[in-house]
Amino acid sequence: MADSKMKNGNGVANGSSTQVQTSPKHGNGVCHDGSSSPIKAQTIDELHSLQKKRSTPTTPTGSSPSAFSVLSEEDRQRQQLQSISASLASLTRETGPKVVKGDPARKTPTSKIAHVAHHQFAPTINISDSSLKFTHVLYNLSPAELYEQAIRYERGSFFTSTGALATLSGAKTGRSPRDKRIVKDANTEKELWWGKGSPNIEMDEHTFTVNRERAVDYLNSLDKVFVNDQFLNWDPQNKLKVRIVSARAYHSLFMHNMCIRPTEEELETFGTPDFTIYNAGQFPCNRFTHYMTSSTSIDMNLARREMVILGTQYAGEMKKGLFSLMHYLMPKRQILSLHSGCNMGKDGDVALFFGLSGTGKTTLSTDHNRYLIGDDEHCWGDNGVSNIEGGCYAKCIDLSREKEPDIWNAIKFGTVLENVVFDEHTREVDYSDNSVTENTRAAYPIEYIPNAKIPCVGPHPKNVILLACDAFGVLPPVSKLNLAQTMYHFISGYTALVAGTEDGIKEPQATFSACFGAAFIMLHPTKYAAMLAQKMQKHGATGWLVNTGWSGGRYGSGSRIKLSYTRKIIDAIHSGELLKANYRKTKVFGLEIPTAIEGVPSEILDPISTWSNKDAYNETLLKLATLFKNNFETFTNYKIGEDNTLAEQILAAGPIF
Ligand SMILES: Nc1ncnc2c1ncn2[C@@H]1O[C@H](COP(=O)(O)OP(=O)(O)O)[C@@H](O)[C@H]1O
Ligand SMILES: C=C(OP(=O)(O)O)C(=O)O
Ligand SMILES: [Ca+2]
Ligand SMILES: [Mn+2]
């Protein structure tokens with residue numbers, strides 16, 4: 001027995017008979033079986049405390065030699081708590097909240113203080129009960145810590161077989177656009193797009209305050225809240241600091257994945273956030289409150305730089321709420337915000353993928369042969385493009401390893417899997433199961449995609465791809481667009497999906513959503529369109545319309561274009577091959593379609609040749625053209641950009657019949 005091995009041993013007496021003399025310094029009698037190193041703990045609790053090493057910040061604080069670190073670690077912590085309690089402060093009461101850091105379930109000194117306080121001060125009529133209560137703050141927890149919180153305290157949270165965190169978002173499994181309200185004040189009345197077609201449903205400042213107070217009271221009534229301090233936008237000059245206060249570990253992990261994660265050093269100097277989300281999603285709004293039409297309300301106050309969520313736990317509301325904010329802030333700085341995916345080739349050629357939900361932004365921007373800049377939200381400024389987010393939010397319904405290997409492999413430890421169904425025992429996810437919802441989702445940090453481009457920025461786009469999932473089956477799989485056509489289709493923002501897989505849905509549902517994201521734009525669509533036209537012209541980008549939807553007939557008789565064919569089409573766009581192809585013009589929509597593409601059967605390139613019933617095709621084509629025409633009527637009176645000729649050209653770029 002090597003005595004040196006025992007030098008620091010102050011282990012646990014385990015009842016073994018062999019007494020070993022330890023160093024006199026510690027003087028502990030250590031019993032052990034001689035087969036392993038002694039345990040450095042006296043009790044099970046101590047042993048457990050050894051398991052967790054205190055994490056050391058990557059940047060030294062306090063005593064560090066840096067001239068800038070004037071704050072001690074203690075001061076910094078105090079400032080951080082002050083900032084969080086300011087976020088959580090009631091607007092109506094003078095006292096509270098009392099904010100402490102850490103998990104209330106842990107027997108830490110802070111929770112002891114909280115306990116004593118409860119007993120020492122009897123409530124008086126001057127102090128509300130809430131002022132006696134401590135709100136525990138779980139600040140920027142790591143994924144592992146958030147997993148533990150979720151699994152321990154949130155029903156429906158489980159490890160899947162690949163290590164992802166399966167969660168349930170509750171009654172809402174998608175966004176609630178009809179419950180999204182924006183405060184109309186003297187400024188926003190002038191600046192924002194209101195009225196017909198606009199996603200901005202108005203509310204007044206007072207009602208916002210009522211809902212804010214409702215959310216803050218709810219959050220403060222809880223044992224603990226989660227606070228995330230993170231960033232938006234990879235463009236360093238236009239980065240935003242966001243704080244997310246939420247009640248669920250699920251929400252905290254979701255935003256950890258979706259926003260840009262600060263380094264330890266960045267967190268130390270975070271200071272006051274530029275924007276704060278109060279997510280009290282488990283708690284409803286009060287339907288007797290003015291403007292409320294349901295128990296759900298997602299409220300944005302641009303002047304206060306705040307957003308309040310009541311009555312929906314769907315995590316996508318937070319991500320898309322911040323996107324709306326960017327659609328307001330960025331154009332003010334001459335930066336165009338885009339509802340698009342974005343990737344870059346080995347030669348630095350950047351492509352944007354616009355499209356409504358389910359059209360393929362995430363699937364097609366995640367391309368093993370290219371660098372992923374982002375799957376959903378970008379900015380296009382004078383220096384090129386930047387991703388707004390730090391993660392991706394992929395649809396999982398019918399996900400397959402073969403067709404989407406990178407997304408499949410990203411579903412591992414750290415990834416939030418929403419509303420999926422899994423085997424009770426093996427915890428293997430059945431991606432084909434839509435029992436909870438069709439909108440099953442995976443949220444993962446962008447670096448989970450092996451060829452992510454980090455930092456997520458790139459040069460000016462070369463190709464602008466407009467995706468439409470046309471369930472009518474009449475749009476060609478790919479068309480080359482001129483600038484006016486690109487603008488026409490961008491403003492129209494068409495897609496037609498089928499509502500789900502339930503029986504009875506025979507008719508595709510046409511959706512027109514201006515700028516391929518009407519739910520998120522803040523200004524009039526023509527503002528964004530003019531900026532896009534100007535940028536595409538200046539940088540010589542080519543526009544394309546890609547139908548990722550039906551071929552050979554509408555939904556019900558035809559089938560969805562094979563993903564492998566769409567990928568071949570996209571490859572030909574990226575490589576520049578498609579620009580050199582021979583083109584023909586289609587009737588009605590006047591789209592330029594190529595006659596051949598490598599790896600794609602030529603007969604599918606002109607949709608009419610895939611339909612057995614040509615009359616049905618022509619009828620459906622006219623039907624869709626009429627829908628386009630009717631939709632565009634709202635935009636005919638608007639001027640786009642400085643020069644009137646573009647507006648006229650755009651109008652003429654629609655279907656003619
Ligand atoms: N030809 C195709 N092109 C793109 N996506 C397809 C195609 N066929 C089927 N899909 C499926 O459609 C869905 C597209 O969704 P997604 O990429 O998440 O859209 P978005 O990011 O635009 O909301 C994915 O589930 C994908 O597997
Ligand atoms: C998260 C969303 O985006 P998408 O479907 O475009 O990926 C959404 O629309 O709620
Ligand atoms: Ca997506
Ligand atoms: Mn999207």
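We count ligands from 1, going down the list as the structure has it; atoms in each ligand are counted the same way. Note that the coordinates shown come from a computational prediction; the quantities given were computed from them, not determined experimentally.
- The list of salt bridge (Lys or Arg N to Asp or Glu O under 4.0 Å) pairs with a residue in residues 245-255, not counting sequence neighbours, reads Glu154-Arg248.
- In Glu404, the part holding a heavy atom less than 4.0 Å from any atom of ligand 1 is the side chain.
- Remark: distances from the non-hydrogen atoms of Ala394 to ligand 1 are all 4.0 Å or more.
- Taking the six-membered ring for Trp and thresholds of 30 and 60 degrees, Phe323 and His327 have ring planes inclined between 30 and 60 degrees apart.
- For Thr162 (side chain) and Ile411 (main-chain N/O), a donor-acceptor pair under 3.5 Å exists by modelled atom type.
- Under the ring pair (Phe, Tyr, Trp, His ring centres under 6.0 Å) criterion, Tyr488 pairs with Phe632, not counting sequence neighbours.
- For ligand 2, the polar-atom distance check finds no N/O of Lys319 at less than 3.5 Å from any of the ligand's N/O atoms.
- In this structure, Leu399 falls outside the shell of residues with a heavy atom less than 4.0 angstrom from ligand 1.
- Contacts of Lys361 with ligand 1, taken as heavy-atom pairs under 4.0 Å, involve both backbone and side chain.
- Only side-chain heavy atoms of Asp376 come within less than 4.0 Å of ligand 2; its backbone N, CA, C and O stay farther off.
- Of the listed residues (Tyr250, Tyr147, Phe422), just one forms a ring pair (Phe, Tyr, Trp, His ring centres under 6.0 Å) with Phe158, and that residue is Phe422.
- Taking any N or O of Lys361, backbone or side chain, at least one lies under 3.5 Å from an N or O belonging to ligand 2.
- Using a 4.0 Å cut-off to heavy atoms of Arg175, the atoms of ligand 2 that qualify are 8 (C), 9 (O), 10 (O).
- Contacts between Thr566 and ligand 1, counted as non-hydrogen atom pairs separated by less than 4.0 Å, involve the side chain only.
- Of the candidates Asp406, Asp367, Asp375, Asn409, Ile449 forms a side-chain contact (heavy atoms from CB on, under 4.5 Å) with just one, namely Asp406.
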